[in-house]
Amino acid sequence: MASLQLSPTNFPSCWPAPVRRRCQPVRCAAGERQALFDRIAPVYDNLNDLLSLGQHRIWKRMTISWSGAKLGDRVLDLCCGSGDLTFLLSEKVGSSGKVFGLDFSKEQLSVASSRQSLRARPCFENIEWIEGDALDLPFPDSYFDAITMGYGLRNVVDREKSMREMLRVVNSGSRISVLDFNKSLQPLSSSFRDWMIDNAIVPVASSYGLAEDYAYLKSSINDFLTGAELEKLALDAGFSNAQYYEIGAGLMGNLVATR
């Protein structure tokens with residue numbers, strides 16, 4: 001299997017390869033958040049399984065389905081982390097397709113590349129990992145047939161710019177599918193979510209020595225956008241339509257927008 005790579009190799013000659021942007025400052029999130037994701041990378045997958053009781057795998061498959069990715073497509077998993085959505089996209093587009101997994105965390109990309117090397121499925125050879133910036137994507141206009149983003153939009157420093165960048169690089173008529181925690185306006189749902197963070201997520205993270213790293217979750221969700229606000233964000237960026245779905249008993253949400 002391919003090892004970690006930092007630049008696509010099949011771009012039109014008139015476009016600079018992403019490796020030329022590799023040394024620019026990454027602005028996908030504030031510096032402390034980048035360091036956070038580097039720190040949690042070694043245990044990130046185990047924690048996801050524990051904290052969601054394995055349900056995150058269902059949510060991610062729903063995200064892939066909503067993206068509309070199909071056999072032979074060229075697709076992007078933005079803020080890919082350790083690659084869960086990336087691998088699912090690879091299965092969806094097959095060996096005739098192409099998948100780029102982009103993240104600002106070198107450690108997360110290293111874990112993703114190691115997972116790729118340990119898996120024997122031929123389609124996974126179509127994956128290329130890129131260290132890059134969600135606010136300045138190193139791809140040509142209208143380059144992708146679908147884009148996914150899992151738990152990334154909440155952490156970028158400029159959501160409007162990130163949304164405009166996704167609009168720029170996705171084909172006309174194609175979709176983006178964005179999974180994240182749901183910011184519910186229902187008091188019961190928000191209270192249950194906060195209780196889960198305080199009494200399940202942070203205590204479990206504490207057993208890995210990561211209590212402080214996961215304690216930011218509550219504030220980051222409170223600072224996030226509601227479903228209606230996410231739909232407006234996509235429409236204001238220029239997407240033709242947007243629909244938000246609450247999933248996971250209202251704990252999670254998925255924005256689907258079509259260019």
Side-chain angles (χ1 to χ4, degrees), residues 1-13 15 17-19 44-45 48-49 54-103 108-132 134 137-153 165-180 239 243 245 247 254-259:
M1 293 294 183
S3 59
L4 177 63
Q5 299 179 41
L6 296 178
S7 63
T9 56
N10 58 346
F11 280 71
S13 58
W15 283 88
V19 68
Y44 187 65
D45 294 317
N48 282 342
D49 279 326
Q55 294 300 297
H56 73 100
R57 301 185 185 279
I58 297 174
W59 305 330
K60 288 170 181 175
R61 289 193 177 277
M62 294 170 71
T63 300
I64 297 299
S65 179
W66 273 319
S67 76
K70 59 187 184 301
L71 191 67
D73 279 352
R74 180 165 53 206
V75 295
L76 170 66
D77 182 22
L78 187 56
C79 299
C80 66
S82 60
D84 276 0
L85 286 171
T86 319
F87 292 119
L88 292 174
L89 278 172
S90 176
E91 294 173 356
K92 180 67 71 172
V93 305
S95 299
S96 60
K98 179 66 178 179
V99 183
F100 294 98
L102 182 144
D103 202 276
Q108 292 279 3
L109 289 171
S110 179
V111 171
S113 180
S114 296
R115 295 176 71 192
Q116 181 186 20
S117 298
L118 292 172
R119 301 183 178 200
R121 299 196 62 173
C123 66
F124 291 155
E125 295 180 3
N126 69 6
I127 300 173
E128 189 161 349
W129 308 105
I130 303 170
E131 180 190 350
L137 296 176
F139 304 105
D141 295 351
S142 305
Y143 193 65
F144 293 106
D145 301 302
I147 298 175
T148 59
M149 189 181 199
Y151 304 104
L153 189 61
E165 275 293 272
M166 284 190 276
L167 177 76
R168 180 182 67 80
V169 301
V170 75
N171 284 328
S172 178
S174 296
R175 282 181 273 176
I176 67 167
S177 184
V178 180
L179 172 68
D180 215 311
F239 284 92
Q243 182 69 49
Y245 301 93
I247 58 177
N254 202 107
L255 172 70
V256 182
T258 305
R259 179 178 174 185

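Numbering starts at 1 and runs along the sequence shown.
Residues forming a side chain to side chain donor-acceptor pair (under 3.5 Å) with D180 (at least two apart in sequence, or on another chain): R154. Partners of S65 by side-chain contact (heavy atoms from CB on, under 4.5 Å), not counting sequence neighbours: none found. Every residue meeting the salt bridge (charged side-chain N to carboxylate O under 4.0 Å, His left out) condition with D73, not counting sequence neighbours, appears here in chain and number order: K70. Partners of S142 by side chain to side chain donor-acceptor pair (under 3.5 Å), not counting sequence neighbours, listed by chain and number: R259. With sequence neighbours left out, the side chain to side chain donor-acceptor pair (under 3.5 Å) criterion links Q243 to no other residue. Contacts of S90 classified as side chain to side chain donor-acceptor pair (under 3.5 Å), with partners at least two apart in sequence or in another chain: N126.
Of all non-hydrogen atoms in C123 and S95, the two that sit nearest each other are CA-OG, 3.5 Å. Heavy-atom minimum distance, G101 versus T86: CA-CG2, 4.1 Å. The two residues F139 and L76 have their closest heavy-atom pair at CE1-CD1, 4.0 Å. Between L102 and P138, the closest heavy-atom pair is CD1-CD, 3.8 Å. Counting all heavy atoms, side chain and backbone alike, S82 lies closest to R115 at O-NH1, 2.8 Å. Nearest heavy atoms, G81 versus A112: O-CB, 3.8 Å.
Looking at I64 and L89, their side chains come closer than 4.5 Å, going by heavy atoms from C-beta outward. Side-chain atoms of V99 and V93, non-hydrogen and from C-beta on, do get closer than 4.5 Å to each other. Contact check for L88 versus R61: side-chain heavy atoms found under the 4.5 Å cut-off. Residues L167 and F239 form a side-chain contact, since some pair of their non-hydrogen atoms from C-beta on lies under 4.5 Å apart. Put simply, the side chain of K98 does not reach to within 4.5 Å of the side chain of V75, judged on heavy atoms.
Between the side chain of E128 and the backbone N or O of F100, no donor-acceptor pair lies under 3.5 Å. Checked by atom type and distance alone, the side chain of R168 pairs as donor or acceptor with a backbone atom of L137 at under 3.5 Å. A donor-acceptor contact shorter than 3.5 Å is absent between the side chain of S113 and the backbone of L109. Side chain of D103 to main chain of C80: a donor-acceptor pair is present (N/O by atom type, distance under 3.5 Å, no hydrogens or angles).
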CA sep, side-chain torsions, deciding dist, call: V169, I147, side-chain contact (heavy atoms from CB on, under 4.5 Å) | CA-CA 9 Å; V169 301; I147 298 175; 3.6 Å; yes

Would you please test N171 and F144 for side-chain contact (heavy atoms from CB on, under 4.5 Å) and show each step?
-> CA-CA 6 Å; N171 284 328; F144 293 106; 5.9 Å; no

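Taken to the nearest 0.5 Å, the CE atom of M149 stands 14.5 Å off from the OG atom of S67. To the nearest 0.5 angstrom, I127 atom CD1 is 5.0 Å from Q116 atom CD.
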Result block: side-chain N/O donor-acceptor pairs under 3.5 angstrom for residues 172-179, not counting sequence neighbours:
| residue | atom | partner | partner atom | Å |
| --- | --- | --- | --- | --- |
| S174 | OG | D145 | O | 3.1 |
| R175 | NH1 | W66 | O | 3.1 |
| S177 | OG | T63 | O | 2.8 |
| S177 | OG | N254 | ND2 | 3.0 |

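Sorted by first and then second residue, the pairs that involve residues 72-98 and meet ring-ring contact (aromatic ring centres under 6.0 Å, His included), not counting sequence neighbours, are F87-F124, F87-W129.
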